[in-house]
Amino acid sequence: MKTNFLKELDVQSKNAGCWIGKSSMQNRDLLKSYSPVDGKLIGEVTITDSISYNKVIEKSLLAFEEWRLLPAPKRGEFVRQVGEELRKKKQELGKLVSYEMGKSFQEGLGEVQEMIDICDFATGLSRQLYGLTMHSERPGHRMYEQWHPLGIVGVISAFNFPVAVWSWNAALAWICGNTVIWKPSEKTPLCSVAVHKIVVEVLRRNKLPDGICCLINGDASVGQWMTSDKRVSLISATGSTRMGKIVGKTVAERFGKSILELGGNNAIILTPSSDLKKVLPAILFGAIGTAGQRCTSTRRLIIHKSIYSKVKSVLQSAYQQIRIGNPLDEKNHVGPLIDKNAVDQYLKAIDSIHEQGGKMLVESKVLKGNAFSSGCYVQPCIVEAKASMKIVSEETFAPILYLLKYDTIEEAISIQNSVPQGLSSAIMTENLREAELFLSAAGSDCGIANVNIGTSGAEIGGAFGGEKETGGGRESGSDSWKLYMRRQTNTISYGDTLALAQGIKFNF
Ligand code: UN1
């Protein structure tokens, strides 16, 4: 396989894992990155130690003092230039994402496109950090609110979106006047180094301080330094609900702010009026795209009993046509899982499915042979299940699709809402009453609710995140930027006499 992109992105030099802007810190311990595509060791990055961590924080705080005073549109100009560089490196970065993480090249490119889009969005937003003005109840008074930067924003990102989710946070955090420290997943460190190098070039060109963009690498303990550190004003963390519980508690204990984007258990309701031919690609992409490792992956298909048998056989034959293999080969639909541990989780879930009475409609298996030598390739499978099965309410980060049957639309919505997670949801219907019910206050309880499109592949323009065990955070579009700033209410008296609010008289 040609791996020129590794050279072009310059991610294979040693000691490249802990960065303060332009300079890398020299630590001894190395984090190894193995590709799930072919099992090869593709690079090593330094693990951040506590001394380097403190240096990073100090640099970042220093940079904040300057950065926060730069007019927001000027900060937007920096983000615009980052977007331009990403446009130039889209192919190489898309390949690295695909090779280090295992998602298809098309999806790797899609991820870089999300980065470019959020840079464009944030650039425009840098002129729109609006606060409200209010009418004071007192004569000669003016009242308004303004938004100020927070300080350091710590971003903890997951392996499944090794670059895009960081960019949703970084682009917004920057235009809002914050500096950013990134702790990426230890499974995809090279992606973070590649992106960091791209941003550093832009910093250097603009003579901006190093600490605006920092990178620390290592396992959960490195993340824990940030979550418990008062000097980090906001932690935006993406990952499992288990991780989010610890992060949320630690940050709350020190009255820090957090944005949590955690597990999903997303369902599509398939109604009798739905146009199966039209919606099938959305169902398939939701279930097998990224090998079922998106937090928005479709895990449950809730099908009306009148179309159940038909849908079942359509899906069974579609699954026979799925091509599994090297994700950089565009003929393949599905690449590997991230690592052997993920394969173990897949196998464990399959055992639970059998124990709990699920019926396999497309059998699970771990693929063997030369093309699958990394040992991380698995067969996407379909299970005939019941909503009451414990495994159905758990999020398994693998391509396992549960088929569930419903009778009334109210029952379908109640099944959809019966899991602890609340990220994404969808209904496929041509019936307006059903669609509106699904979107109403009595409908889906998720942060994302779609009609006639799947659960995954949200656009950056909307606020992204979910309820319940998904953590309640919102990132990316709409007014998510407000979470990266602090609101200040200002009341100014310009009259001759002092007036107290609420009509209070206080003659002194
Ligand atoms: C994630 O899986 O953590 O909506 C993010 C989607 C993508 C982002 C997923 N835009 O599927």
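Remember, it's 1-based here, ligands and their atoms both numbered in the order they're listed.
Considering backbone and side-chain N/O of Thr238, none are found under 3.5 Å from N/O of ligand 1. Looking at ligand 1, you'll find an N or O of Arg294 within less than 3.5 Å of one of its N or O atoms. For ligand 1, the polar-atom distance check against Cys295 finds a nitrogen or oxygen pair separated by under 3.5 Å.
Near Glu261, meaning under 4.0 Å from one of its heavy atoms, ligand 1 places the atoms 3 (O). For ligand 1, the atoms sitting less than 4.0 Å from at least one non-hydrogen atom of Phe464 are 4 (O), 5 (C), 9 (C), numbered in the order shown with element in parentheses. Counting the atoms of ligand 1 from 1 in the order shown, those under 4.0 Å from a heavy atom of Glu114 are 7 (C), 10 (N). Short contacts between ligand 1 and Ser456, defined as distances under 4.0 Å to a heavy atom of the residue, involve ligand atoms 11 (O). In the vicinity of Asn160, heavy-atom distances shorter than 4.0 Å reach the ligand 1 atoms 1 (C), 2 (O), 3 (O).
In this structure, Gln293 has no heavy atom closer than 4.0 Å to ligand 1. Distances from ligand 1 to the non-hydrogen atoms of Phe285 include no value under 4.0 Å.
With hydrogens left out, the protein atom closest to atom 9 (C) of ligand 1 is Phe161 CE1, 3.5 Å, a heavy atom. The protein atom (non-hydrogen) at minimum distance from atom 11 (O) of ligand 1 is Thr296 OG1, 2.6 Å. Among protein heavy atoms, atom 4 (O) of ligand 1 sits closest to Ala458 N, 2.7 Å. For atom 6 (C) of ligand 1, the closest non-hydrogen atom of the protein is Gly457 N, 3.2 Å.
Remark: Lys103 is positioned above the aromatic ring of Phe161, its terminal NZ or CZ atom under 6.0 angstrom from the ring centre and at most 45 degrees off the axis.
Screening Val199, Val195, Asn217 for a side-chain contact (heavy atoms from CB on, under 4.5 Å) with Trp182, the sole residue that qualifies is Val195.
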Side chain to side chain contact (heavy atoms under 4.5 Å, CB included) assessment of Leu129 paired with Ile175: CA-CA 9 Å; Leu129 304 175; Ile175 59 119; 3.8 Å; yes

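The shortest distance between side-chain heavy atoms of Phe397 and Gln345 does not fall below 4.5 Å.
For the residue pair Thr455 and Ser297, the shortest heavy atom distance occurs at OG1-C, 3.8 Å.
Salt bridge Glu84/Arg87: present, at least one basic N to carboxylate O contact under 4.0 Å.
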